[in-house]
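Working notes, beginning with the structure itself.
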Amino acid sequence: MVQINRGGNVPPPPPARRVPLIAGNWKMNLTVDESLALIDEMLEDLDAYEEVETVICPPFIALFPAMELVEDSGIKLGAQNMFYKDSGAYTGEISPLMLREVCDYVILGHSERRLYFNENDEDINLKVKAALKDDLTPIIAVGENLAQREDNLTAEIISNQVEIALNDVNAYDASSVVIAYEPLWAIGTGQAASAETANEVCKFIRQTIVRLYDQSVADRVRIQYGGSVNPANISDFMCESDIDGALVGGASLKAADFVKIVARTQECIPRKKK
Ligand code: PGA
């Protein structure tokens with residue numbers, strides 16, 4: 001039974017506009033040396049786009065040395081996963097307490113975690129609450145597969161994923177999370193969703209937040225699109241009303257492409273549809 005928790009401190013009033021958030025999900029790619037070289041290659045260029053919040057999510061072992069590299073920049077770091085306990089006999093896992101020393105964000109519930117590592121919505125909810133407790137901002141990934149889309153189940157799948165991920169999360173905390181809409185059929189395929197389709201689902205996610213909490217929480221939550229985002233299609237997504245950023249896989253591994261994605265995101269700010 002999903003519990004809606006409307007308690008907690010009252011969230012601060014919604015900002016005049018949500019700051020766009022571009023996150024690069026490097027997945028299981030690059031050694032530590034290669035990771036640092038890639039960050040070094042793009043850091044200065046990325047840092048020029050101050051109106052965009054940019055997050056790099058390298059493999060765990062690159063986070064600590066990367067911290068020093070990004071220290072004097074506006075670039076933030078994120079992890080790609082974590083366990084929900086702070087410490088204990090959980091061989092091979094990484095805890096939120098460990099992560100908060102080295103990063104600000106953590107991607108939770110990515111479809112590759114759900115698919116290959118059997119994570120379910122309940123696990124993701126435990127991780128979301130653990131991240132929030134330890135001051136990490138979760139980027140909660142949700143999305144339907146192709147068969148579900150063809151069976152018109154997108155809304156049902158997405159609302160269940162969002163609702164369970166936020167089970168027992170109070171309104172104050174909920175207002176700080178990021179949700180990434182990543183349709184499985186668009187991830188790594190080169191076949192991005194159309195901007196209209198992506199915006200429709202992002203808008204639906206926002207309405208789901210209104211239903212679970214209220215409009216002011218929904219107005220604060222940032223919702224990203226992810227799935228084959230590249231420099232050529234980012235502007236289409238970023239001009240849409242309810243898309244507040246992107247979770248970028250493949251294109252975040254190429255310095256020039258990732259910088260262009262961030263640059264075009266900033267250019268879209270004044271052109272955003274209402
Ligand atoms: P992609 O991956 O940009 O390579 O499609 C996105 C993601 O999995 O977050």
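We count ligands from 1, going down the list as the structure has it; atoms in each ligand are counted the same way. Note that this is a predicted model, so its numbers are computed, not measured. Hydrogens, waters and symmetry mates are skipped; everything else that's a heavy atom, side chains included, is used.
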Sub-4.0 Å heavy-atom approach of Gly226 to ligand 1: no
Proximity of Ser252 to ligand 1 by residue part, where a heavy atom lies under 4.0 Å: neither
Numbered atoms of ligand 1 (with element) below 4.0 Å of Lys27, judged on heavy atoms: 2 (O), 7 (C), 8 (O)
Identity and distance of the protein heavy atom lying nearest atom 7 (C) of ligand 1: Glu182 OE2, 3.2 Å
Interfacing atoms of ligand 1 (cut-off 4.0 Å, heavy-atom, Gly227): 5 (O)
salt_bridge(Asp244, Arg206) N-O dist < 4.0 Å: yes
Nearest heavy-atom neighbours spanning Gly78 and Val55: N-CG1, 3.7 Å
Residue Ile187 vicinity, atoms of ligand 1 by number, heavy atom under 4.0 Å: 2 (O), 5 (O), 8 (O)
Whether Asn125 side chain and Asn167 backbone form a donor-acceptor pair below 3.5 Å: yes
Arg113 with Asp123: basic N within carboxylate O range, under 4.0 Å: no
Those atoms of ligand 1 less than 4.0 Å from some heavy atom in Ala186: 5 (O)
Parallel, tilted or perpendicular, as decided by the 30° and 60° cut-offs, for the rings of Tyr90 and Phe83: tilted
Donor-acceptor pair, side chain of Asp134 and main chain of Leu136, under 3.5 angstrom: no
Any side-chain heavy-atom pair of Asn25 and Val248 under 4.5 Å: no
Per-atom contacts of ligand 1 with His110, taking only distances under 4.0 Å to non-hydrogen atoms: 7 (C), 8 (O), 9 (O)
Per-atom contacts, ligand 1 versus Gly250 - under 4.0 Å to a heavy atom: 1 (P), 3 (O), 4 (O)
Donor-acceptor contact present, side-chain Glu119 to main-chain Arg114, <3.5 Å: no
Numbered atoms of ligand 1 (with element) below 4.0 Å of Gly188, judged on heavy atoms: 1 (P), 4 (O), 5 (O)
Polar contact flag for Gly249 and ligand 1 (N/O pairs, less than 3.5 Å): yes
Salt-bridge criterion met for Lys203 and Glu240 (N-O under 4.0 Å): no
Contact (N/O only, under 3.5 Å) between Thr189 and ligand 1: no
Contact atoms of ligand 1, heavy-atom distance to Asn25 under 4.0 Å: 9 (O)
